[in-house]
Asks: 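My structure is below; once you've seen it, I'll send some questions.
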Amino acid sequence: MNDSFPIPDLDNGKDRVAVYPGTFDPITNGHIDIIKRGLHLFDRIIIVVAINAQKIPLFTLEQRCAMIRECFRGQEDRVEVGFTDGLIVEYALQRNARTIIRGLRAISDFDYEFQLALMNRRLERGVETVFLMTGFRWIYISSSGIKNAARCHGNISGLVPKHVERALREKFA
Ligand code: COA
């Protein structure tokens, strides 16, 4: 066995926990697709509503968390919803998660995600970022795109869960 570099312990027997951070303003079927894919790899996923200083959300933090919780009602043993106004890597460590999940839709996501992942690694080497490819049918959607369509009373059915669709319709009534 080559012992010239340290091999991390596998934490055998412990739950494999990942965090999936984002603004989730609001959660979309594309996000849900990533979470479902992640559940094949991790015992538990903590969806973390976090702050992106560049964004002014339409929905409050409480509303965003409640909408996400509603999506996973009955699956609380596998999917949890949390929030932080601090660093995502610190939140991950506090929750014993060693992995950050991020979704990739297209090449255009890559630059931003690459920077985010490397900054997170620079902040905390004990947390790795893994990227999951979004399902083909969701690659064109974003929370902003859906909000823009809803603002003009466009048909957003099938792009977000029903309760999110209702919340958007009420916002832009
Ligand atoms: N399906 C649909 N949409 C998707 C998607 C998917 N699979 N994957 C990404 N998107 C969209 C989102 O809807 C969102 O759209 P929008 O820009 O129209 O709102 C966009 O892609 C990316 O948003 P999101 O995944 O929510 O990430 P974000 O860039 O808003 O969030 C944080 C970034 C919050 C995770 C990041 O800023 C963070 O970690 N903040 C905490 C502070 C911190 O730790 N900073 C240090 C790192 S710099």
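In listed order, ligands and their atoms are each counted from 1. We count residues from 1, following the sequence as given.
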Asks: Side chain or backbone, does T23 bring an N or O within less than 3.5 Å of an N or O on ligand 1?
Replies: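 Yes, since at least one N or O of T23 sits under 3.5 Å from an N or O of ligand 1.
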
Asks: Within the structure provided, determine whether V17 and N96 are in side-chain contact (heavy-atom separation under 4.5 Å).
Replies: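 V17 does not reach N96 side chain to side chain.
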
Asks: Ignoring hydrogens and angles, tell me if any N or O in the side chain of R78 forms a donor-acceptor pair with the backbone of F42 under 3.5 Å.
Replies: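 Yes; at least one donor-acceptor contact below 3.5 Å.
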
Asks: Taking only heavy atoms of Y112, which atoms of ligand 1 are found under 4.0 Å from at least one of them?
Replies: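 Answer for ligand 1: 28 (P), 29 (O), 33 (C).
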
Asks: For G135, is there any backbone N or O sitting under 3.5 Å from a side-chain donor or acceptor partner on D33?
Replies: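 Here the side-chain-to-backbone pair exists.
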
Asks: Considering heavy atoms of the protein only, find what lies nearest to atom 34 (C) of ligand 1 and give residue, atom and distance to 0.1 Å.
Replies: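 Result: A50 CB, 3.7 Å.
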
Asks: With respect to I88, determine whether any N or O atom, backbone or side chain, lies less than 3.5 Å from an N or O atom of ligand 1.
Replies: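 Among all N and O atoms of I88, at least one is under 3.5 Å from an N or O of ligand 1.
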
Asks: Tell me if a side-chain donor or acceptor on R102 pairs with a main-chain N or O of L132 at a distance below 3.5 Å.
Replies: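 Here the side-chain-to-backbone pair does not exist.
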
Asks: Suppose we measure from atom 36 (C) of ligand 1 to each protein heavy atom; which comes out shortest, and what is that distance?
Replies: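 Looking at atom 36 (C) of ligand 1, the protein heavy atom closest to it is L116 CD1, 4.2 Å.
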
Asks: Quick one: which ligand 1 atoms are inside 4.0 Å of a heavy atom on S144?
Replies: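 So the atoms of ligand 1 that pass are 16 (P), 17 (O), 18 (O), 19 (O).
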
Asks: Taking only heavy atoms of N120 into account, list the atoms of ligand 1 that are under 4.0 Å away from them.
Replies: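 Selected atoms, number and element: 46 (C), 47 (C).
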
Asks: Does E70 reach the main-chain N or O of I68 with its side chain, forming a donor-acceptor pair under 3.5 Å?
Replies: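 Judged by distance alone, no pair lies under 3.5 Å.
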
Asks: Of I141, L159, N52, I51, which has the heavy atom at the shortest distance from atom 38 (C) of ligand 1?
Replies: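 Result: the heavy atom closest to atom 38 (C) of ligand 1 is in I51.
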
Asks: Examine W138 against ligand 1 and note whether any of their N/O atoms are separated by less than 3.5 Å.
Replies: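 Among all N and O atoms of W138, none is under 3.5 Å from an N or O of ligand 1.
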
Asks: My understanding is that only one of E124, R121, R125, R122 makes a side-chain contact (heavy atoms from CB on, under 4.5 Å) with V89; could you say which?
Replies: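 Of the listed options, the one satisfying the test is E124.
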
Asks: CD1 of I88 to CD1 of I100: how many Å apart, nearest 0.5 Å?
Replies: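 Here the interatomic distance stands at 6.5 Å.
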
Asks: Any N or O on S143 sitting closer than 3.5 Å to an N or O of ligand 1?
Replies: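 Min N/O separation from ligand 1 is below 3.5 Å for S143.
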
Asks: Rounded to the nearest 0.5 Å, what separation is found between the CD1 atom of I56 and the OG1 atom of T23?
Replies: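 Rounded to the nearest 0.5 Å, the CD1-OG1 separation comes to 12.0 Å.
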
Asks: As an exercise, state the distance from CD1 of I35 to OH of Y20, rounded to the nearest 0.5 Å.
Replies: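 Rounded to the nearest 0.5 Å, the CD1-OH separation comes out at 5.5 Å.
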
Asks: Look up atom CZ in F172 and atom NE2 in H153, then write down how far apart they are to the nearest 0.5 Å.
Replies: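 Output value for this atom pair is 8.5 Å.
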
Asks: Give the atoms of ligand 1, by number and element, whose distance to some non-hydrogen atom of G86 is under 4.0 Å.
Replies: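 The atoms of ligand 1 under 4.0 Å from a heavy atom of G86 are 41 (C), 42 (C).
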
Asks: Based purely on interatomic distance, does G30 place a nitrogen or oxygen under 3.5 Å from a nitrogen or oxygen of ligand 1?
Replies: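 Yes; at least one N/O pair falls below 3.5 Å.
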
Asks: Heavy atoms only: which of R122, E113, K55 is nearest to atom 14 (C) of ligand 1?
Replies: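 Among R122, E113, K55, the closest heavy atom to atom 14 (C) of ligand 1 belongs to K55.
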
Asks: Evaluating non-hydrogen atoms only, which member of R105, K147, M133 is closest to atom 8 (N) of ligand 1?
Replies: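 When every heavy atom of R105, K147, M133 is considered, R105 comes closest to atom 8 (N) of ligand 1.
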
Asks: Start with the C-alpha distance between L123 and E90, add both sets of side-chain angles, then the distance that settles side chain to side chain contact (heavy atoms under 4.5 Å, CB included), and finish with yes or no.
Replies: CA-CA 9 Å; L123 292 167; E90 281 177 6; over 6 Å; no

Asks: Where the closest heavy atom to atom 24 (P) of ligand 1 is concerned, which of R37, E90, Q115, R102 has it?
Replies: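 When every heavy atom of R37, E90, Q115, R102 is considered, R102 comes closest to atom 24 (P) of ligand 1.
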
Asks: Check each atom of ligand 1 against the heavy atoms of S142 and keep those under 4.0 Å away; list them by number with element.
Replies: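 Ligand 1 atoms under the 4.0 Å threshold to S142: 3 (N), 13 (O), 15 (O), 18 (O).
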
Asks: Just which atoms of ligand 1 are under 4.0 Å from any heavy atom in I34?
Replies: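 Matching atoms, with element in brackets: 7 (N).
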
Asks: To the nearest 0.5 Å, what is the distance between OG1 (T134) and CZ (R137)?
Replies: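 So the OG1 of T134 and the CZ of R137 are separated by 12.5 Å.
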
Asks: Taking distance alone, with no angle check, do L87 and ligand 1 share an N/O pair under 3.5 Å?
Replies: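 Among all N and O atoms of L87, none is under 3.5 Å from an N or O of ligand 1.
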
Asks: In the protein, which heavy atom is nearest to atom 12 (C) of ligand 1, and how far is it?
Replies: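 Here the closest protein heavy atom is H31 NE2, 3.6 Å.
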
